[in-house]
Protein chains: 2
Amino acid sequence: MTTDTKSALLDAAERAARAQGVDGFSYADLAEAVGIRKPSIHYHFPAKSDLSAALMARYSARLRDVCDGIAHQHETGGARLAAFIDMYRAALEGGKSLCLCVAFSTSRDSLPADVIAQIRAFREMMIAWLRVCFDRAVDDRSIADVAFPAMEAAAALSLLEGAQLAARAEENPALFDNAVQLLQTRLR
Amino acid sequence: MTTDTKSALLDAAERAARAQGVDGFSYADLAEAVGIRKPSIHYHFPAKSDLSAALMARYSARLRDVCDGIAHQHETGGARLAAFIDMYRAALEGGKSLCLCVAFSTSRDSLPADVIAQIRAFREMMIAWLRVCFDRAVDDRSIADVAFPAMEAAAALSLLEGAQLAARAEENPALFDNAVQLLQTRLR
DNA sequence: GTCTATAAGTCGATAGAC
DNA sequence: GTCTATCGACTTATAGAC
């Protein structure tokens, strides 16, 4: 079926992009993973830029939902932040994978302008969500020493993304853990 | 002269790698930048992996010297950290460039194992240097609230690298500034 | 040390049959 | 929707003349 092939292509492309970057996989790789021939992919995604855009749109929507779920499940800012950190840690998959946003950020010049805009929007969404965590923590004291929630949110995202990058470079999740440990000591 | 061509190649390659990544430049680009023909590069660097290794070795030595210089120039941990942050901010070059370590980390699978080892060694060097900053700050109180110097060092490097990545993705240094602002408020 | 010429492979993308 | 066949551009790398 049409839909299944398209989803299968997106799944394979996301896995490949997060493991090897946008330029690290080819239509040939995708074709083999999904079990169709290379040119057939162009029916679903005429250009690779179309695939990138679809990939980022789907990822963005999914993570918005996951963050919504965390917010519904946890009341305090600290508990939400803890779950958020766990999500980034899980995305590492043993040091073989990255958040798609980080993976796309590393190869900006092979992406069209509208995908760059999607990356910016994704980061703004994540920072806004984190901002709420730190805002709440000011009142509920679930994170120590929060003086500037907006700065905390921006810093937390860069910390997590940088930690992912280092961990994947050496294929060693312990580097992620080392980098985020300080932030975790502030959680009550 | 031999030496000059080799240095010119390294200079051009470093600029290109930091701006576009290891896979983002070709021997053709280098040849044009330096003013020789493509195959002539192979005389100096038989394979691209040789070039990568030389690039990282030179960069690592240079940054070790720069950090030594900062340590000689500044006494307190806070003043040293401030200079270190400035160095990472300057490396951005308006959002068009990255630290070579970050640039190499983004394209790990196109690098040979010994260059990956160089990246690890580079990061360990940076973290050890930062560790001294935070150790000093415990005594001289030049950075607020330092309880765990080792954790602070690991977190600071990931923060700076993540901030660089975000800033270059959108070619906007303000994203770097937003991410590091919190750390800077702790400097006395 | 640098050159010309070329090999051998990859890539994304298109044309047109079925 | 998927196929075969193919294009043109690009890549790293080598051979051998100068």
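Proteins come first, then strands; the chains are lettered A, B, ... in the order of their sequence lines, and each starts at number 1.
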*asked:* Using side-chain heavy atoms (C-beta onward) and a distance below 4.5 Å, is B:Leu63 in contact with B:Phe122?
replied: yes
*Would you check if B:Leu111 and B:Ile119 make a side-chain contact, meaning some heavy-atom pair closer than 4.5 Å?*
yes
Could you list, one pair per line, each protein nitrogen or oxygen that sits under 3.5 Å from a nitrogen or oxygen of nucleotides 15-18 of chain C, together with the distance?
none

Round to a whole Å and report the spacing from [atom1] of [X] to [atom2] of [N].
X: A:His44; N: C:dG12; atom1: NE2; atom2: P; result: 16 Å
X: B:Leu51; N: D:dA13; atom1: CG; atom2: C1'; result: 14 Å
X: A:Lys38; N: C:dG9; atom1: NZ; atom2: C1'; result: 12 Å
X: A:Lys48; N: C:dT10; atom1: NZ; atom2: C1'; result: 12 Å

*Neighbour count >12 (heavy atoms, 6.0 Å) for atom CZ, B:Arg62*: yes
*asked:* Heavy atoms from C-beta onward define the side chain here; which of C:dC3, C:dA13, D:dA13 lies closest to that of B:His42?
replied: D:dA13
_Nearest to the B:Tyr43 side chain among D:dT2, C:dA13, C:dT2, which nucleotide is it?_
C:dT2
*Provide the closest heavy-atom pair for B:Arg123 versus B:Leu157 in the form atom of the first, atom of the second, distance.*
CG-CD2, 3.7 Å
*DNA chain C: 5'-proximal contact among B:Arg37 and A:Phe45 (nearest heavy atom)*: B:Arg37
*asked:* Counting only heavy atoms and a strict 4.0 angstrom limit, can you tell me which residues of residues 16-35 of chain A come near DNA chain D?
replied: none
_Less than 4.0 angstrom from a charged side-chain N to a carboxylate O is my criterion; do B:Glu75 and B:Arg136 meet it?_
yes
*Under 3.5 Å, is there a donor-acceptor pair between the side chain of A:Asp114 and the main chain of A:Ala53?*
no
*Are the side chain of B:Arg168 and the backbone of B:Gly95 linked by a donor-acceptor contact shorter than 3.5 Å?*
no
_Which residues share a side-chain hydrogen bond (donor to acceptor under 3.5 Å, both in side chains) with A:Thr106, sequence neighbours left out_ = none
